[in-house]
Amino acid sequence: MANLPKTYAPQEIEGKWYKFWQKNDYFHAAATSEKPPYAIVIPPPNITGSLHIGHALDNTLQDCLIRWRRMQGYNTLWMPGTDHAGIMTELIMERNLADEGISRTALGREKFVERMWQWKAETSDYIISQLQQLGCSCDWERERFTYDEGFVTAVNTAFLHLYNQGLIYRDTYMGNWCPHCNTVLSNLEVEPIEIDGNFYHIRYPVKDSEIVLEIATTRPETMLGDTAVAVHPDDERYQHLIGQTAILPLCDREIPIIADAYVDTEFGTGALKVTPAHDTNDYEIGSRHNLEQLTIFTRDGCINENAPKKYVGLSRWECRERVVEDLENLGYLVKIVPHRHAVGHHDRCGTIVEPTVSPQWFMNVRPLAQRAIEATQKGEIKFIPERETARFYHWMENIEPWPISRQRWWGHRLPIWYCSECEGITAAIARPQQCECGATSFHQDEDVLDTWFSSGLWPFATMGWPEKTQELKTFYPTSVLVTGWDILFFWVARMIMLGLGCMDEVPFRTVYLHGLVADEKGQKMSKSKGNTIDPLETIDTYGTDAFRFALANASTPNPYVPLLESQIESGRRFANKIWNAARFVLMNLEKYPVPAGSDAVDTSNETLEITWIRSRLSHTIKTTTEALENFRFYEAAQTLYAFLWHEFCDWYLEFTKQRVSQDEPAALWAAADTLEQTMRLLHPFMPFLTEEIWQQLSPNGTDTTEDETSVTVAPWPEAKGENPIAETTMATLMEVIESIRSIRGELNVPIGASVEVHIQSQNSEVREQLETYLRQYLPAFTRVTSITIAESLQKPPASAEAVIGDLAIYIPLADVIDLDAEHARLSKRHQQATKDVATAQKTLDNPNFVERAPEHVVAQKRELLERLLIEQEKLARSLAMLSESGG
RNA sequence: GGGCGGGUAGCUCAGGUGGCUAGAGCGACAGCCUUACAAGCUGUAGGUCACAGGUUCAAGUCCUGUCCCGCCUACCA
């Protein structure tokens, strides 16, 4: 064994072990195996840059599951890959190009896409290497990309499959248009943000009359596209105007005054200007009344020729200013009232969306949504936490047609061909030979598909669909999907629908939706808020394992999980603690090597502390396993932390010191065994550190290259059962030790000073236990000159006292005792005891409690009261004595 | 406007189907370099479990209402 440094240095071991794992192919899943399958597909990170804190959490949790199941003996597949992330990646590329002074349009589609592929090559490698730094045990041989060759086939096949069922169709409809990205968007991509706007009240004169109709709008510029004014059919104020004609100011166009029940008489003036081409509701009204759709904006959000000349070419905002100015000058403007309202923004680029009518490809998701609901109701899919199920249903039940075409360049082209002669549509992967009309010339649809269409195929396209591969047979449906709740609709819901649509089977059995990483104020971490923690920086500073442990430890079931720097720090301290515990064990093993063939542990002559630590280990195995089974990562992490630090290190290793100093190595060998098993338990959370220690501990497992093995493929520990008697005995001993320490601490007994300990107990069993073990253990925890244990003994003069139930501990402190301090100490405990007695007494005094509560609860209460009464009485007596001698 | 989640120690959070004397980490205070670890050890302090009712032998936990905070959703121009 090499000399281990005093402080754990993660940088020195992490890279080494990752290479080792890869070399041994531990992460590769066999397409066929006798082992039961367990599969997770990674939520493919976008190729837009580097991993953020959300990825770190998401992938840490996935790796925990995968490593745990692998150790449990499953044939585990963690399918990795990246996403081409259509619009987002294009935006970044456009920004890069802008830095070079090139515009996308100047470059042209072909060149642009070429550059995108170059970019992809660089960034996806970078992202993969970051996942590896995080320790992710993905099956890298199977890495995929949502725009690779296989995906093109899968996307085309899926499209045609759904098209042929009539689920995909072309329609001209009012949609969300992003004037910056020049594409239509789905509702999900539009983020409503509250902004401070205005309500503009404007007069619309009524033709052939002196009457003016006052309307109110937040978007005065759209009046240039007005084709009606609507009032409520029952609105008495406007009855006489229905059917009349208004004169649209600035345009001098005549528009009808119509009645439509959509109009809210209470809101604004009760008169609504109608712009069917640029407002979703107005569009509906327009279709009901057959109004003209007058488009007044260009694709990039400027005024077009349908508006009066003076406004043509202005941006939406310039136009608003000019229109308001003109209205005011001409006397049409009544007033401007500040008005706060929600306005849709493109979630990717932040541009205010312009509702626009355009021809698009849609997917009718209703039938698949219905099947998804049914599948969930039948239990084919389970959501964790459960509350997410309700969100899922709600969205699925209210789903609307999904616009799937995007007017962009980077992404899957639609397998749709238009005849150059008759414009007839042919759906086919390859260019068709001949149109029904006889023509032979075609052009392919220029649009690309929404990125989520292709990532919706991820769980089966990555496994080779549409081929009927062995992988699909083995691993589909996958076991679990792990992702943040924020993409439940974007991605999870669509995977389920497309899985049902293409595979006729849900893509996964369980969906675990974790929280979003937040800062200490509960604010979601985001670049724009500047409150992010950079995963790579964190790994550099604290080490991967510390970071991973902190993430798992922070991962409560809450929708937002605050991650504090101090928690990562705590992870690092934990790693260092483990490191040093291992050092201690290993250093001592040099002196006392584990005898060969000692695998069969001899428990016949086992000492209490060994029985105890094995019992606690068994409990820890059970709790950790259950926590993982229920996706309670924080609970697993906390269980392991508490066991390793506060039981194994704080107590067991101290016992071991004592034993070893007396030349009794059995405790040490049990320590090595416990540590080895604990390293296995902890491995899913802290893969690098546990591998390093496990290798050092394993009997043959020094750095030999032959017969390589790894904790990665070691079996998951088995809970062998707990020993309540040993645990109870140990608890008493610990209490005694803690009491003595407490006296020493509170009464400022010098560290170097040895003390006499007198213990009185009427319980012979307890006395026996103390006789047997306390003499052995105590020296490891505090300096003692002598220990006296008796059924009854006089409290020595000038001594400090502690009471534990029937047990009294006296420590003579003639030279150092501060009687006032001791009095204060005892009276505080007496007060507490009195309070506890009162509480317990009150419960037991209630006859209904004794009658109706379960027997064991009553018995427990009685025991407690008894013990508390004894303590209270002892303390009272000692206090009286103390006052006497002191006063 | 609806729906969901939350309010427990100075801070961040645990406390499945009500029942041990309400816990942890961090922070605070006091004392220690005790030969695995100062990224450590030992001890101490700190909580009307948001508020008000109710159900129950028993409520941090279940019910109702109120007040805050956050989020998701909705066509009020």
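Letters go in sequence order (proteins before strands), and every chain restarts at 1.
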Which of these nucleotides, [options], is closest to any side-chain atom of [X]?
X	options	value
A:Tyr634	B:G16, B:U12, B:G15	B:G15
A:Glu520	B:U12, B:G19, B:C26	B:U12
A:Leu864	B:U21, B:A36, B:A38	B:U21
A:Asn576	B:A39, B:A36, B:A77	B:A39
A:Trp645	B:A77, B:C41, B:A36	B:C41
A:Lys828	B:U42, B:C26, B:A45	B:A45
A:Tyr560	B:G70, B:A77, B:G16	B:G70
A:Thr556	B:C13, B:C37, B:A39	B:C13
A:Met587	B:G16, B:A36, B:G5	B:A36
A:Ser570	B:A77, B:A45, B:G25	B:G25

Take atom [atom1] of [X] and atom [atom2] of [N], then tell me their distance rounded to the nearest Å.
X	N	atom1	atom2	value
A:Asn398	B:C72	CG	P	18 Å
A:Leu589	B:A36	CG	C1'	13 Å
A:Phe490	B:C72	CZ	P	11 Å

Sugar-phosphate only, base, or nothing, as touched by [X] at under 4.0 Å among non-hydrogen atoms:
X	result
A:Asn281	base
A:Gly270	base
A:Pro192	nothing
A:His646	sugar-phosphate
A:Glu191	nothing
A:Val263	base
A:Lys521	nothing
A:Arg572	base
A:Trp485	sugar-phosphate
A:Asn553	nothing
A:Arg867	base
A:Asp650	sugar-phosphate
A:Lys835	nothing

Just do the side-chain hydrogen bond (donor to acceptor under 3.5 Å, both in side chains) check on A:Asn576 and A:Arg573 with the steps written out, would you?
-> CA-CA 5 Å; A:Asn576 191 53; A:Arg573 285 206 285 255; over 6 Å; no
Tell me which of A:Tyr641 and A:Glu746 sits closer to the 5' end of RNA chain B, going by the nucleotide each one is nearest to.
-> A:Tyr641
Is any side-chain N or O of A:Lys577 under 3.5 Å from a base N or O of B:C37, one able to act as donor and the other as acceptor?
-> yes
[X] side chain N/O closer than 4.0 Å to the phosphate oxygens (OP1, OP2) of [N]?
X	N	answer
A:Arg573	B:C37	no
A:Arg391	B:C72	no
A:Lys6	B:G40	no
A:His394	B:C4	no
A:Tyr8	B:G40	no

Span that lies between the [atom1] atom of [M] and that of [N], in whole angstrom:
N	M	atom1	value
B:U64	B:U73	P	26 Å
B:C69	B:A50	C1'	11 Å
B:C41	B:C33	P	16 Å
B:G2	B:G10	P	36 Å
B:C37	B:G46	C1'	28 Å
B:C71	B:A24	C1'	27 Å
B:G15	B:A59	C1'	14 Å
B:G6	B:U42	C1'	37 Å

Any ion pair linking [Y] and [X] (charged N to carboxylate O, less than 4.0 Å)?
X	Y	answer
A:Glu654	A:Lys657	yes
A:Glu388	A:Arg391	yes
A:Glu735	A:Arg867	yes

Return yes when atom NE2 of A:His339 has more than 12 non-hydrogen atoms of other residues, nucleotides or ligands closer than 6.0 Å, and no otherwise.
-> yes
Should the ring pair A:Phe655 and A:Tyr652 be called parallel, tilted or perpendicular, given that the plane angle runs from 0 to 90° and is split at 30 and 60?
-> perpendicular
Would you please indicate yes or no on a ring centroid separation below 6.0 angstrom for A:Phe633 and A:Tyr512?
-> yes
Do A:Trp651 and A:Phe781 have ring centroids that are under 6.0 Å from one another?
-> yes
Base-paired stretches in RNA chain B with three or more consecutive Watson-Crick or G-U pairs, both distances under 3.5 Å, amount to B:1-7 with B:67-73, B:10-13 with B:23-26, B:28-32 with B:40-44, B:50-54 with B:62-66
Verify whether one side chain among A:Gln567 and A:Ser570 offers a donor that lies under 3.5 Å from an acceptor in the other.
-> no
With a 3.5 Å cut-off and no angle check, do the side chains of A:Tyr262 and A:Asn281 form a donor-acceptor pair?
-> yes
Pair A:Ser661-A:Gln658, side-chain hydrogen bond (donor to acceptor under 3.5 Å, both in side chains): steps then yes or no | CA-CA 5 Å; A:Ser661 75; A:Gln658 185 72 9; 4.6 Å; no
